[in-house]
Amino acid sequence: MLKRTHNCGQLRIEDAGKDIILSGWVDSYRDHGNLVFIDLRDREGITQLVFNPETQPQMHKLSRQLRCEWVIAASGKVRHRGEGLVNPKLPTGEIEVLIDKLEILNSAETPPFELDNAEDVAEETRLKYRYIDLRRPRMQDILRVRHKVTKVTRDFFDSRGFWEIETPFLGKSTPEGARDFLVPSRLCSGNFYALPQSPQLFKQVLMVSGVDKYFQIVRCFRDEDPRADRQAEFTQIDVEMSFVESDDVISVHEQLVAKIWKEILGVDVKLPLRRMTYKQAMDDYGIDRPDLRFDMKLKDISALAGASEFKVFADTIQKGGIVKGLCAVGGGAKFSRSDIEKTFTKVVTDFGAKGLAWFKVVKNEQGDIDLSSNLVKFFTPEQRKAIIEKFSANVNDLILLVADKEAAANKALAPLRLKVGRDLGLIDDKAYELLWVIDFPLFEWNENEKRYDSLHHPFTAPVPEDIAKLDTDPANIRSQAYDIIVNGSEIGGGSVRIHQPEIQAKVFDLLKITKQQAQDRFGFFLQALKFGAPPHGGIAFGLDRLVMFLTGTDNIRDVIAFPKTQKGQCLLTDAPSGVEPAQLDELNLRVQTHH
RNA sequence: GGGGCCGUAGCUCAAUUGGCUAGAGCAUCGGACUGUCGAUCCGAAGGUUGAGGGUUCGAGCCCCUUCGGCCUCGCCA
């Protein structure tokens, strides 16, 4: 076999005259009867090969058999293409290789889709023939970036004294959090392992073990419905550190993020990153992961709205709700009433709001700035003026308002803000706005279950000043949790953990986890805390989402070599599948079908 | 579990109100061609309209069932 001396993206004008060997896939062929041109492709690029019937008649004849995606090796001499023949689209476009020997290593069936057009091909087809899809330069770029991110990450942590340690995949199922993937045990019949949702407790145990600084690039599993940015099987960069406070963890990891941005994108990220409290994020953006690429802050006009004659507003305030909204600069001129009532109203109702109130900001008959909509009759001129002032609105702006309980209003307004921002063209696709969101509440009240839920997870430590509130005012305890946000998407989050068993016990108490339940689920961990657990904290990044940002895709399946569909199926291998009865027998399992 | 979009040739799409032999581009195959690079030109072949059932003189189109893909709400400590 001819062994390659170079790759297909490597040769330049300086290499002219060299005898070289390339191997790869036939990307395209152009047969002129006389000359035959082959674009040869490997993961590094494309190089043009030329077959000339006058210099090498046998090889020329052989080359005419070549078809797309055949695998070949060929030797020849690099030469300049000559005036007017350079292809500026290719990095290797100044040269070509005049072939003296061609070796066909393998033929190929006609591919089910053309690599050039794959962006338009149904994803179903791409997934079924994933090996062909992954040959495309775009997909290989993504694989390369993903590799580089993990490489940068490993080097970063290694240089700072972190150890990469593996934790079990076969673990213990707990009812908290997401649904577990279960694995039946053969040796302990009737019992099940769970695949990890994250290595949370193991990494904390490693801190008790004196490992001090741990990281792992680790697969995690959550048996919930996928989304465009969510896959049941995903990868975390998981970290834990001993003898640290929030600032220590934040500082190390913003350096990691800056390093990744620099190495992959060549972008300098200014450190330290800005920080925003959870409360400010919720007040101004209605969400704990604000997209700061555009301004358009939300404003609460409850005081004004409650005094109006508009029954929906007055009733909402009466019942303890709020009226909150945003001002779309220029939106009054840009959006029609039908845009507002169809598109924008649909956004908020999709997210649970009952409706959307709107005002266009106009000049009235007296030539003064005023509001216009089907609702103005319920508002006095003074109230209208106050609303305009509250939003610092100008003529041609559009004010959109939602009335509901605070959480519900925010829930609807955050996506509305994004939609309006996009429609107004306020979002710069090339910008990266990174920040930390801090000071999360430790708990949120669960009305259905009449108890508190952890906002982060049950091992998150309260801020020291708030510890006393565990007994008196749990709702207002701040936690030592932090999320890192890029362009409105959470790429990582973590916390300082509870390392004292007494505080952990109190938290379980508020979560209505009984001593017995705590013992059954986390007994090993509670015991570990009693044997000299150092103060510790950590973080986990979503590697898939990170790579999505770095490669500019909004589809998580693009950044996973072998992803699954929305039903969790692998179209390449057809997993999951039925199993032999004998396999079930060994596990003492029986499959029940029901409707 | 709910809502939405989609499924026609290998790929991407078209087909008027239910009406002739379901078309086009690309790919494929054959031929031509002295420098192409999305080569070009000539020709050919290619269909269980996702599957099953129904209405009708007649269904790609209407109805029912079902399978699959994507987006999304719920869910994702």
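Remember, it's a predicted structure, so these values are computed and weren't measured experimentally. First the proteins, then the strands, lettered A, B, ... as listed; each starts at 1.
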Sticking with atom P, work out how far B/C20 lies from B/A59, rounded to a whole angstrom.
12 Å

Gap in Å between the two P atoms, one belonging to B/U12 and one to B/G69, rounded:
16 Å

In plain terms, say whether A/Lys354 and A/Asp404 are close enough for a salt bridge, that is, a side-chain N and a carboxylate O under 4.0 Å apart.
yes

Suppose you measure atom C1' in B/A15 against the same atom in B/U72; what distance do you get, rounded to whole Å?
31 Å

I need the CD-C1' distance between A/Glu114 and B/U12, as an integer number of Å.
9 Å

How would you label the contact of A/Pro458 with the nucleic acid (heavy atoms, under 4.0 Å): base, sugar-phosphate, or nothing?
base

Thinking salt bridges, do A/Asp544 and A/Arg230 make one under a 4.0 Å N-O criterion?
no

When we call it a touch if two heavy atoms are under 4.0 Å apart, what does A/Arg557 touch: a base, just sugar-phosphate, or nothing?
sugar-phosphate

Is there a Watson-Crick or G-U wobble partner for B/C26 with both distances under 3.5 Å, and if so, which one is it?
B/G10

Whole-angstrom distance between B/C64 and B/U21, as gauged at atom P
29 Å

Could you tell me the separation between the CD atom of A/Gln236 and the P atom of B/A77, rounded to a whole number of Å?
10 Å

Tell me whether A/Lys101 is salt-bridged to A/Asp19, with the criterion being a basic N under 4.0 Å from an acidic carboxylate O.
no

Before accepting this row, confirm whether a basic side-chain N of the pair A/Arg67/A/Glu109 lies closer than 4.0 Å to the acidic partner's carboxylate O.
no

Check every atom of B/A77, B/G69, B/U28 against the side chain of A/Thr565 and return the nucleotide holding the closest atom.
B/G69

The side chain of A/Arg222 is closest to which nucleotide in this list: B/A77, B/G10, B/U28?
B/A77

What nucleotide, of B/G68, B/C75, B/C70, holds the atom closest to the side chain of A/Asp225?
B/C75

Rounded to whole angstrom units, what separation is found between the CG atom of A/Asp229 and the P atom of B/C75?
16 Å

Going 5' to 3' along nucleotides 31-38 of chain B, which nucleotides have protein heavy atoms under 4.0 Å from the base (write B), which only from the sugar-phosphate (write S), and which from neither (write -)?
--BBBBBS

Between B/C71 and B/G10, how far is it from one C1' atom to the other, in whole Å?
27 Å

A/Lys128 has an atom NZ; how far is it from atom C1' of B/G10, in whole Å?
11 Å

Looking at A/Arg230, I'd like to know whether one of its side-chain N or O atoms comes within less than 4.0 Å of OP1 or OP2 on B/C75.
no

Start at the 5' end of RNA chain B and walk down; is the nucleotide closest to A/Lys346 or to A/Thr110 reached first?
A/Lys346

Quick one: do the A/Ser198 and A/Gln236 side chains pair a donor with an acceptor below 3.5 Å?
no

Under a 4.0 Å N-O cut-off, is there an ion pair linking A/Glu96 with A/Arg79?
yes

Gap in Å between the two P atoms, one belonging to B/A77 and one to B/C5, rounded
31 Å

Can you tell me, in whole Å, how much space there is between the C1' of B/U49 and that of B/U8?
4 Å

Among B/G10, B/C76, B/U12, the nucleotide that comes nearest once only the side chain of A/Val121 is considered:
B/U12

Check: A/Asp439 main-chain N/O paired with A/Arg478 side-chain donor or acceptor under 3.5 Å:
no

Between C1' of B/A77 and CG of A/Leu442, the distance in whole Å
12 Å

Check the phosphate of B/C75 against A/Arg227, side-chain N and O only, distance under 4.0 Å to OP1 or OP2. Yes or no?
no

Side chain of A/Arg67 only, heavy atoms from C-beta on: which candidate in B/G30, B/A77, B/G69 is closest?
B/G30

Quick one: does any side-chain atom of A/Thr343 pair with a main-chain N or O of A/Ile340 as donor and acceptor, under 3.5 Å?
no

Is it the case that the side chain of A/Asp42 and the backbone of A/Gly45 share a donor-acceptor pair, with hydrogens and angles ignored and the cut-off at 3.5 Å?
yes

Using OP1 and OP2 only, check whether a side-chain N or O of A/Lys567 sits under 4.0 Å from B/G68.
yes

Respond yes when some side-chain nitrogen or oxygen of A/Gln566 is under 4.0 Å from OP1 or OP2 of B/G68, and no when none is.
no

What contact category does A/Lys411 fall into here, base, sugar-phosphate, or nothing, at under 4.0 angstrom with non-hydrogen atoms?
sugar-phosphate

Examine B/U28: is either OP1 or OP2 under 4.0 Å from a nitrogen or oxygen in the side chain of A/Tyr29? Give yes or no.
yes

Roughly how many Å is it from NZ in A/Lys342 to C1' in B/G4, rounded to a whole number?
17 Å

Taking for each residue the nucleotide of RNA chain B with the nearest heavy atom, is it A/Lys564 or A/His456 whose nucleotide lies nearer the 5' end?
A/Lys564

Atom CD of A/Glu124 and atom C1' of B/C5 are separated, to the nearest Å, by 14 Å

Considering every strand shown, what is the Watson-Crick or G-U wobble mate of B/C41 when both distances are under 3.5 Å?
B/G31

To the nearest angstrom, how far is A/Asp180 atom CG from B/A77 atom P?
11 Å

B/G68, B/A77, B/C70: which one has an atom nearest the side-chain heavy atoms of A/Glu123?
B/C70

Lys/Arg N to Asp/Glu carboxylate O, A/Arg12 vs A/Glu94, below 4.0 Å
no

Provide the distance between the two C1' atoms, one in B/C11 and one in B/G31, to the nearest whole Å.
25 Å

Given B/C26, B/C73, B/C11, the nucleotide with the shortest approach to the side chain of A/Phe113:
B/C11

